[in-house]
Amino acid sequence: MSVTIDGSASVTINNGAVLGITSGTAVASTSGTSIDFTGIPSWVKRVTVMLSGVSTSGSSYVLIRIGAGSVDSTSYTGITAVGWSGIANYSDTSGFPLYYNTNTYTLSGAMVLTNISSNIWVISGTVAMTGLNGVIMTGGTKTLSGTLDRVRITTVNGTDTFDAGSINILYEG
Amino acid sequence: MTHRIVVNVQTGEVTQVEYTPEEQAVHDAAVAAQQAEAEAKALADAQALAQAQAAQQTATQSTTP
């Protein structure tokens, strides 16, 4: 027996989860010190952060933060490395970093946040660094105090501004 | 004023949220600290360069017959 669902509306199941992958709204990362995606539903188990040609005004590294009710900026295990003709690494406890200078280079790629259990989230992903011919690899974990409902893309110093590219998320249960 | 972009994924609404006066004060203080740090580093680099050049000049003079 096969089941066919034919309609333009999304399909939800008993816990409210929408079947399949839902896209957020792509925004131009051409201004502001951070870009927040809020209102992420409580049933979400995986969030993909996508960056295309993202650049900032300064040399501070791009950082991904998550939160439950508000953005959390402490107690992350975030480790990143960039490989080009050489290799360099960096770690941060205030977010998941994408290591290297985005004033000179631009970022394109995706980072995937996955819920292991309860409020424990892990992140992994690979991002290309155009201009450097480099590849950034980032991994890490973070335990939230509640259910994840937001993701912030910002910089380590919090004062550099985005000046190119676009950012969006996908989420799924 | 400094701002952030906020996207509500359920409504699709995209808003530009201006910093509150308190957030702006924190931001301005951080920028001032970064500038002071950069100026201090530039000064230290210039002094180190001047010392290195002076030492090289002294060494050149002492080896000149």
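Note on naming: letters A, B, ... go to the chains in the order of the sequence lines (proteins, then strands), and numbering restarts at 1 for each one.
- Cluster annotation: V156(A) is connected to L51(A) through the hydrophobic network of ILVMFWY side chains, with a link wherever side-chain heavy atoms come within less than 4.5 Å.
- The same ILVMFWY cluster, assembled from side-chain heavy atoms under 4.5 Å apart, contains both L63(A) and L144(A).
- For E13(B), no part lies near chain A; criterion is any non-hydrogen pair under 4.5 Å.
- Heavy atoms of Y171(A) lying under 4.5 Å from chain B belong exclusively to its side chain.
- Hydrophobic clustering of Ile, Leu, Val, Met, Phe, Trp and Tyr side chains at less than 4.5 Å, counting indirect connections, keeps Y90(A) apart from V135(A).
- Residue V18(A) is grouped with residue V44(A) when hydrophobic side chains (ILVMFWY) are merged at heavy-atom distances under 4.5 angstrom, including chains of intermediate members.
- The candidate from P41(A), G32(A), S34(A) with the greatest count of non-hydrogen atom pairs under 4.5 Å with chain B is S34(A).
- Between Q10(B) and G39(A), the closest heavy-atom pair is NE2-O, 2.6 Å.
- At least one side-chain heavy atom of Y19(B) sits less than 4.5 Å from a side-chain heavy atom of T33(A).
- Neither the backbone nor the side chain of N168(A) comes within contact range of chain B; no heavy atom of the residue lies under 4.5 Å from a heavy atom of that chain.
- With a 4.5 angstrom heavy-atom cutoff, V14(B) touches chain A only via side-chain atoms.
- Taking each heavy atom of A30(B) and T159(A) in turn, the nearest pair found is CB-CG2, 3.8 Å.
- Side chain to side chain, S31(A) and H3(B) meet the donor-acceptor criterion of an N or O pair below 3.5 Å.
- Residue contact with chain B, scored on non-hydrogen atoms closer than 4.5 Å, involves the side chain of R152(A) exclusively.
- Between atom CD1 of residue I5(B) and atom CZ of residue F162(A) there is a gap of 10.0 Å, rounded to the nearest 0.5 Å.
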Intermediate values then yes/no, side chain to side chain contact (heavy atoms under 4.5 Å, CB included), T38(A) and V6(B):
CA-CA 7 Å; T38(A) 64; V6(B) 178; 3.9 Å; yes
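- Here the side chains of I169(A) and V9(B) are in contact, with some heavy-atom distance below 4.5 Å.
- Partners of D163(A) under the side chain to side chain donor-acceptor pair (under 3.5 Å) rule, at least two apart in sequence or in another chain, are S55(A).
- When hydrophobic clusters are built by joining Ile, Leu, Val, Met, Phe, Trp and Tyr residues whose side-chain heavy atoms come closer than 4.5 Å, directly or via intermediates, I21(A) is not grouped with L19(A).
- If you run side chain to side chain contact (heavy atoms under 4.5 Å, CB included) between R4(B) and each of I35(A), V71(A), D36(A), T154(A), only D36(A) comes through.
- Within 6.0 Å of the OH atom in Y76(A), the count of heavy atoms belonging to other residues, nucleotides or ligands exceeds 12.
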